[in-house]
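First comes the structure, then the notes that go with it.
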2 protein chains.
Amino acid sequence: MDIRERKMKILHAIIKDYIATAEPVGSRTLAKKYNLGISPATIRNEMADLEEMGFLEQPHTSSGRVPSDKAYRIYVDQLMKVEKINKVIEETINKEYESHVGELDKIISQTSKILSNLTNYTSLALTPQLCSASIKHIQLVPLQEDKILMVIISKEGVVRNVVINIDKKINSDTLIKISNVLNELIRRSSILQFEQEVFDILNVLNEEERILLRDIIPIIKDTLSNNDGIKVYTNGITNIFNFPEFKDLEKAKEFIDLWEQKNILVQLLSSGTDDGINITIGSENKMDEVRECSLITATYQLNGRTLGTIGVIGPTRMEYSRVVGLLNHLTGQLNELVKRTLID
Amino acid sequence: MDIRERKMKILHAIIKDYIATAEPVGSRTLAKKYNLGISPATIRNEMADLEEMGFLEQPHTSSGRVPSDKAYRIYVDQLMKVEKINKVIEETINKEYESHVGELDKIISQTSKILSNLTNYTSLALTPQLCSASIKHIQLVPLQEDKILMVIISKEGVVRNVVINIDKKINSDTLIKISNVLNELIRRSSILQFEQEVFDILNVLNEEERILLRDIIPIIKDTLSNNDGIKVYTNGITNIFNFPEFKDLEKAKEFIDLWEQKNILVQLLSSGTDDGINITIGSENKMDEVRECSLITATYQLNGRTLGTIGVIGPTRMEYSRVVGLLNHLTGQLNELVKRTLID
DNA sequence: TGTTAGCACTCAATAGTTGTGAGTGCTAAT
DNA sequence: ATTAGCACTCACAACTATTGAGTGCTAACA
């Protein structure tokens, strides 16, 4: 048997055991529980090596070993076998979704619930972000003499309201004209760089109206670039209390404090670069507050365009194989539901 | 000295002490700290009486006394002296508000922050609810052939979007006609009982359009009656960890779980009947989850109409006098700011 | 040379023990 | 009526074994 392979086998066993028990795992237990065919003493030697290589850590001299973030990384990339969803779970999920067809927000919120229920971790789900490519229609509504309401509607059915203050009084004819121009710009998909290329459209506007339009465009840009419109659904925050690594009140507090700032959560979930499933383990996280957590995220799509993110956060000792399996399945379902909801 | 008055004096001292220390207070400490002019033994006798009367409780035989909810009630109603805001705090508040003029949501969210910062309790703040009396304008926007977007705008500047699915295709002329009728109904403030009295308005519509209108009205009613549009801003959830009464993880968990359901929070804050300041102490709460908490709420108004609620939640051993003082001042400021924001 | 049994040592966690102090209620004296 | 004095209670903190799962090292073995 290749020496390398044996080390990996031992590492794999340690990780599995630690994920299940949260107790530092020792050589004797390991030999007893997993039929590795070698004695505790040999395992001890291998463990010492693995520790030197940075895969294991020892909380104190006379305790077992605990996997490091590096170990989880190798586990996630090479060792683990993604769990397949079983029939019962599959049906549970379908049932949970049943009552929520038709409204995107409800579907996303329900997804978050399902995630936390089935994983016992804390779940997050983001509604789609508005982006320039997805704008379908812009409507300007007069509010008061010097205030207009801009309603931006995306192809995905996301609606955003922005109140715009203006210097002068405007009448509704002007608004309609400007609305038309805006929507024409949208049709030509050049709303963000309109200045260079669309003089022909602007011809219908007089000087005053052009100025107003010029004021409105940056507001649209702003609206698209900020996260205010994204809703964050979250469930199972207090699940972290179930994990011994958070029985320290200070840590629990830090974790829960995160949840007060939507922005941080959005940033956290948006940091995964790939489409598909993204795993960030402990110290790999950019944010200090989650350096002892792992984050598994997945995206949902419509026609190949990424709309939003869902994810699960928990201790680094996370059941990666189970969560990844679940997320795989769930994004499939979600994509399907989103498609049906938004196209119908 | 009247015997009644002496008892009250002792009770007052016990409550003040317990609010400050969270420790059961005994006769000796009481005599030493507060110059009551009587000996510990006398105090003991009085305390025994007060316990019998239901104002005090004894965690165990050989410990001091703890005030009951009934005691806090009498404290809040008769004994306490509402604390006046001091200059430093006042200026802090003004500074905190400074950067947030102009947007109602920001002002409310900032209020929540101020509340939790200055009290060290958990704060809540609700944005205004939509109600029929406050609708200013309704706009129907075509989304897809069989979908329309209804934008409801209130006098307070609150905007709500509702997507409406309809059976048939509709053209934009129909939408404009119906919009006009709706807004005419609003002007006559009879949108919710339109059937009886407004036949003259309906004359402009043909049969098909009337059916559509009849479908839309209940959706408006629904939208007005449900809480979906209310935003709940909350800060300082983890402040409860500072209180010894929540060092029991189970209790902390129960408390934090509350915060996942917006509906519960809205219900909680809306339960106060009076305008002005409302105090609910421990077991007076209707909801089990907050039976060990006290809730102090206040409302903010515009032109005499209550728009929303702000409040603070914490252990029954709350610094009522300080919080009430702060809320008094804060609602004043808030009303002023709201007025400026919404009228300008 | 890799593997393993044996041994002395480490250290967190648990349970038992004891002392301390703030509290009480009761009684008798003021 | 008030209070000093006294015996009693009980949570809490500090201390002291005891236990047990773990280690590293060494020497013997295949």
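By convention in this document, chain letters (A, B, ...) are assigned in the order of the sequence lines, proteins followed by strands, and residues within each chain are numbered from 1.
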- Query: Which of parallel (below 30°), tilted (30 to 60°) and perpendicular (above 60°) describes A:Y75 and A:H12?
  - Reply: perpendicular

- Query: Sequence neighbours excluded, which residues qualify as ring pair (Phe, Tyr, Trp, His ring centres under 6.0 Å) partners of B:H329?
  - Reply: none

- Modelled atom types, side-chain donor and acceptor of A:N235 and A:S112, under 3.5 Å: yes

- Would you say A:T61 reaches C:dC11's phosphate, i.e. side-chain N/O to OP1/OP2 under 4.0 Å? yes

- Note on the structure: Separation of D:dA11 atom C1' from B:K247 atom NZ, nearest Å, is 11 Å

- Note on the structure: Considering only heavy side-chain atoms of B:H60, the closest of D:dC10, C:dC11, C:dT24 is D:dC10

- Task: Establish, from distance only, whether the side-chain atoms of B:S283 and B:D69 form a donor-acceptor pair under 3.5 Å.
- Result: yes

- What is the distance from CD of A:E57 to C1' of D:dG22, rounded to the nearest Å? 17 Å

- Take the protein atom CD1 of B:I38 and the nucleotide atom C1' of D:dT3, then report the distance between them rounded to whole Å. 11 Å

- Message: Rounded to whole Å, how long is the line connecting atom CD1 of B:I43 with atom P of D:dA1?
- Response: 18 Å

- Look at A:R65 and D:dG24 and indicate whether a side-chain polar atom (N or O) is within less than 4.0 Å of OP1 or OP2. yes

- Item | Base of C:dT24 paired with side chain of B:S62 (donor-acceptor, under 3.5 Å) | no

- Give the rounded distance in Å between these two atoms: CD of B:Q58 and P of C:dA22. 17 Å

- Checking ring pair (Phe, Tyr, Trp, His ring centres under 6.0 Å) for the pair B:F255/B:F246: CA distance, chi angles, key distance, verdict? CA-CA 9 Å; B:F255 183 85; B:F246 285 94; 5.6 Å; yes

- Message: It should be established whether A:T42 places a side-chain nitrogen or oxygen under 4.0 Å from OP1 or OP2 of nucleotide C:dT4.
- Response: yes

- Message: Under 4.0 Å, heavy atom to any atom of DNA chain C: which of residues 20-34 of chain A qualify?
- Response: none

- Note on the structure: A:E46 CD to D:dT23 P, in whole Å, measures 14 Å

- Query: Any luck finding a side-chain donor-acceptor pair between A:K253 and B:N242 under 3.5 Å?
  - Reply: yes

- Message: Would you say B:N239 and B:T122 are linked by a side-chain donor-acceptor pair, where the criterion is simply a distance under 3.5 Å?
- Response: no

- Query: Separation of B:R44 atom CZ from C:dC26 atom C1', in whole Å?
  - Reply: 10 Å

- How long is the line joining CZ of A:R6 and C1' of C:dG2, in whole Å? 8 Å

